[in-house]
Amino acid sequence: MSDPLSILDQLGAELSACFKQLGHAPDCGAVRESDRPDLAPFQCNGAMAAAGALKKKGEKSNPRDIAAAVVAALEGNSKIERLEIAGPGFINVVPSPALVNLRAGELAADARTGASLISSAKTIVIDYGGANVAKPMHVGHLRSAVIGESLKRLLRYRGHTVIGDVHLGDWGLQMGHLITELEDEQPSLPYFDAALTDNYPEDSPVTMDDLARLYPAASNKAKTDKARMERSRIATAQLQQGRAGYRALLAHFIDVSIRALKKGYGALDVDFDLWKGEAAVDPLIPAMIEGLKAQAITEEDDGALIIRVGEESEKKETPPVMLLASSGAVLYHTTDLATLLDRKNELNPDLILYVVDQRQALHFEQVFRAAVKAGWYEREQMQHLGFGTMNGKDGTPFKTRDGGVLRLEDLLSMMREAASARIAAQGMGDKFSAEELSDITDKVGVAALKFADLQNQRMTNYIFDIERFTAFEGKTGPYLLYAAVRIKSILRKAREAGKAAGPVALSEPAETQLVLALDAFDRALMAASDKYAPHILCEHVYRIAQSFSRFYADCPILADNVDEAVSASRLTLAQTVLRQLEQGLELLGIGVPDRM
RNA sequence: GGACCCAUAGCUCAACUGGAUAGAGCAGCUGCCUUCUAAGCAGCAGGUUGCAGGUUCGAGUCCUGCUGGGUUCGCCA
């Protein structure tokens, strides 16, 4: 049995059959949401397309005549209330009240409020997060985490098998920096005694704060001090060659960092199935390199081992993939290639998505081409979903007033503070227990933050403005929560009053408009997941909240003068809106409090 | 210099495969709380879609050129 169709699809089916019957291509009957909702909720532009097709065949025709024939043929169709021809041949389509009413009942009865499941499920890996060992999370990590998490949930809800991997940066020069800087601070630690190979302490010699201090200290010194840089390079090479003390230290660094990161991502309601990193694929590298050499796709160049990935059509050749530096060290390309191999072996995914800053587009293009050359994947199986940077008001990447990076932790507490100030200003502060208050401020803060980010199109840069992030009115996360909370409040009151939900019977325009908005859920989900574009889902949930707010203002539900059947119908509508709204928000990674 | 991205209302952003009068929010102005949470609702105002051409019934969207901004270009990750 197939899923019941949306109103739009049902109307499209009627129009398509009609176009076909009149000798035109069926897809001319495609119906879409109208650009002129004041005239009709739906429109069909196929008459123009049909006329265009005839013209190509050398036949003259008038799109308005074609439209008129379609309208005449559909006379009396029970799903259609009214058809009108406008302009050069647009057909405005108004669905019949019976159709809308029937569909409202279907949506209310459906656990997924109209959301379909994909017919062929894929195994998809999403590589997002992008945090590094030893570096505290800052606003630069926000977009990847928030967008990646939403895409993961969205694709899963559509029916795919999705594996999220944080893919930590834990294998580069930064590790050498940390090791050498720690050695300068605490030279007596056993990890630095090259004679020792075992029995290192179980407890980490450093905390997250230590790491956060050590790395920039070393990095700054190395910028001007060549000898200092060389020590870090050597330590990195020795680590990669397997020096036991360094490996033991690395394990501590990773462990300490993951614990901190789980907390940081947890505060954002972001979690990963895999906490793998670059170090995890290190054991694969020697055999991988041998394999690539055996395929004769590598070459030596200036002492480095490379894979050329240029293509004929390029005016200027894309730079090669660097497998081994002339020093013999493993590079970013190498670990990312090894990760692709690891995923092939362990998960054999159909698709791998990288939610990473757009600035790394070239890097991924290189690595993907190498993986294709190696015969591991088809090019279409790997996609870099870049996103623009978060800029300050001056148009350059965001910095705090004193020029530093804004820690994610600090941003979140700013959000919470703003939320809590807002509750106080409402005079609601004493209505909630301390526990509930803290839950509300968390949720409002996260909703504001995530929605502000996700509603932007992925690729473009956007301006980070704390004033705007902590705005709680208009097209914001808290507005959406507010709509959901108002419904919850009504449903509580209905329960207390012993009023039950009942069959849907629409009467007011605000009700019809609300049902039409709900019925667009599946389209929004399909478009958002096909294009990997959460902002499309943001647009939908916002429309739902808006439609509900109008309904709320126009259509009393529990008031004494409301007829029992009307009240029951509106309760069903309200429940359905809440279910879809909460589901949509969950797919954006946004949780809803009970009250606010 | 090569490659990629972007330019839409005062500000921040939308616009599905090329469709009618380019939409939201904020800021501004008018109304609406003795009735389900006013973090709300209704309304007004705001535009030569960076510039110049081209393709066609029809262009913010496609093509060419230009201007202005951003990113990136083998041994950092």
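Order of the sequence lines fixes the chain letters, A, B, ..., with proteins taken first and strands second; residue numbering starts at 1 for each chain.
In this structure, A/F464 has its ring center closer than 6.0 angstrom to the ring center of A/F469. A/Y542 has its ring centre less than 6.0 Å from the ring centre of A/Y479.
Closest to the side chain of A/Q546, from the set B/rA15, B/rG25, B/rA38, is B/rG25. Comparing atom distances between the A/K316 side chain and each of B/rG1, B/rG70, B/rC36 picks out B/rG1 as nearest. Nearest to the side chain of A/M322, among B/rC75, B/rG19, B/rG40, sits B/rC75. Side-chain atoms of A/L558 lie closest to B/rC36 of the nucleotides B/rU21, B/rC36, B/rG40. If you check B/rA39, B/rA20, B/rU37 against the side chain of A/S489, the one that comes closest is B/rU37. Nearest to the side-chain atoms of A/Q457 among the listed nucleotides B/rA39, B/rC13, B/rA15 stands B/rA15. Listed nucleotides: B/rA39, B/rC41, B/rA20. Nearest to the side chain of A/R550: B/rC41. When each of B/rU37, B/rA15, B/rG19 is scored by its nearest atom to the side-chain atoms of A/Y482, the top-ranked nucleotide is B/rU37. Closest to the side chain of A/R422, from the set B/rG70, B/rA20, B/rA39, is B/rA39.
Within 4.0 Å (heavy atoms only), A/C555 reaches at least one base atom of the nucleic acid. Residue A/A325 is in base contact, counting any heavy-atom pair closer than 4.0 Å across all strands shown. Using a 4.0 Å heavy-atom cutoff across all strands shown, A/A86 reaches at least one base atom of the nucleic acid. Within the 4.0 angstrom heavy-atom criterion, no nucleotide atom of any strand lies near A/G87. At the heavy-atom level, A/R595 lies under 4.0 Å from base atoms of the strands shown. Within the nucleic acid shown, A/I423 comes within 4.0 Å of at least one base atom, counting heavy atoms only. At a threshold of 4.0 angstrom between heavy atoms, the contacts of A/L362 are confined to the sugar-phosphate backbone, with no base atom among them. Among the heavy atoms of the strands lying under 4.0 Å from A/V485 is at least one base atom, whether or not backbone atoms are also near. Residue contacts shown for A/I306 are absent, as no nucleic acid heavy atom lies under 4.0 Å away. Using a 4.0 Å heavy-atom distance criterion, A/E278 is classed as a sugar-phosphate-only contact. Nucleic acid contact class of A/D302 (heavy atoms, under 4.0 Å, all strands): base. When heavy atoms are screened at a 4.0 angstrom cut-off, A/G172 is found touching the sugar-phosphate backbone but no base atom.
Atoms CZ (A/R308) and C1' (B/rC73) sit 15 Å apart, rounded to a whole Å. Whole-Å rounding puts the A/N92 CG to B/rG19 P distance at 16 Å. B/rC76 atom C1' lies 14 Å from atom CD of A/E230, rounded to whole Å. In this entry the distance linking CG of A/N45 with C1' of B/rA20 reads 9 Å, nearest Å. The separation between A/Q366 atom CD and B/rU72 atom P is 14 Å, rounded to whole Å. Rounded to whole Å, the distance from OH on A/Y479 to P on B/rC26 is 10 Å. At whole-Å resolution of the value, CD in A/Q455 and P in B/rA15 are 12 Å apart. Protein atom OH of A/Y462 is 24 Å distant from nucleotide atom P of B/rA24, rounded to whole Å.
By the rule that a glycosidic angle within 90° of 0 means syn, B/rG74 counts as syn. Base orientation for B/rC33: syn, the chi torsion being within 90° of 0.
The pair A/R523-A/E33 meets the salt-bridge criterion, since a charged nitrogen lies less than 4.0 angstrom from a carboxylate oxygen. Ion pairing of A/D301 with A/R308 is present here, as a side-chain N (NZ or NE/NH1/NH2) and a carboxylate O approach within less than 4.0 Å. Salt bridge status for A/E436 with A/K431: absent, with no side-chain N to carboxylate O gap under 4.0 Å. For the pair A/K488 and A/E582, the salt-bridge criterion is met [side-chain N within less than 4.0 Å of a carboxylate O]. A salt bridge links A/K475 to A/E539: one of the charged nitrogens lies within less than 4.0 Å of a carboxylate oxygen.
B/rG40 sits 25 Å from B/rG46 when the P atoms are compared, rounded to a whole Å. Separating the C1' atom of B/rU12 from that of B/rC6 is a span of 15 Å, rounded to the nearest Å.
Taking only side-chain nitrogens and oxygens, A/T460 comes nearer than 4.0 Å to OP1 or OP2 of B/rA14. At least one side-chain nitrogen or oxygen of A/K55 sits closer than 4.0 Å to the OP1 or OP2 atom of B/rC57. Contact between the side-chain N/O atoms of A/R468 and the OP1/OP2 oxygens of B/rC13 is not found at any separation under 4.0 Å. Using a 4.0 Å cut-off, no side-chain N or O of A/K431 falls inside it from OP1 or OP2 of B/rU37. Contact check, A/Q358 against B/rC5: no side-chain N or O comes under 4.0 Å of OP1 or OP2.
You'll find the side chain of A/F387 reaches within 4.5 Å of the side chain of A/I147, heavy atoms only. In this structure, the side chains of A/F19 and A/C44 come closer than 4.5 Å at one or more pairs of heavy atoms.
Residue A/R36 is the one, among A/S549 and A/R36, whose nearest nucleotide of RNA chain B lies closer to the 5' end (criterion: closest heavy atom). Checking A/M459 against A/A304, the closest nucleotide of RNA chain B that is more toward the 5' end is the one next to A/M459.
Between A/Y332 and A/H363, the ring planes are parallel. Angles under 30° get that label, and only those over 60° would be called perpendicular.
Counting heavy-atom neighbours within 6.0 Å of A/E59 CD, excluding the residue itself, gives a total above 12. When the shell of 6.0 Å around CG of A/D38 is examined, it contains more than 12 heavy atoms from other residues, nucleotides or ligands.
Exactly one residue among A/I66, A/I85, A/V93 makes a side chain to side chain contact (heavy atoms under 4.5 Å, CB included) with A/V71. That residue is A/I85.
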Checklist entry - Pairing of RNA chain B as dot-bracket, 5' to 3': ( ) intra-strand, [ ] crossing, | other strand, . unpaired, with Watson-Crick or G-U pairs under 3.5 Å? => result (((((.(..((((.....[...)))).(((((.......))))).....(((((..]....)))))).)))))....

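For the contact set between residues 326-334 of chain A and RNA chain B, defined by any heavy atom under 4.0 Å, the members are A/S326, A/V330, A/L331, A/Y332.
In this structure, OG1 in A/T236 is found 9.5 Å from CG in A/L178, a value given to the nearest 0.5 Å.
Applying the 5.5 angstrom centroid cut-off and the 30 degree plane-angle cut-off, the aromatic ring of A/Y542 is not stacked upon the base of B/rA24.
Judged by distance alone, with hydrogens and angles left aside, A/D336 brings no side-chain donor or acceptor close enough to the base of B/rA77 to form a pair under 3.5 Å.
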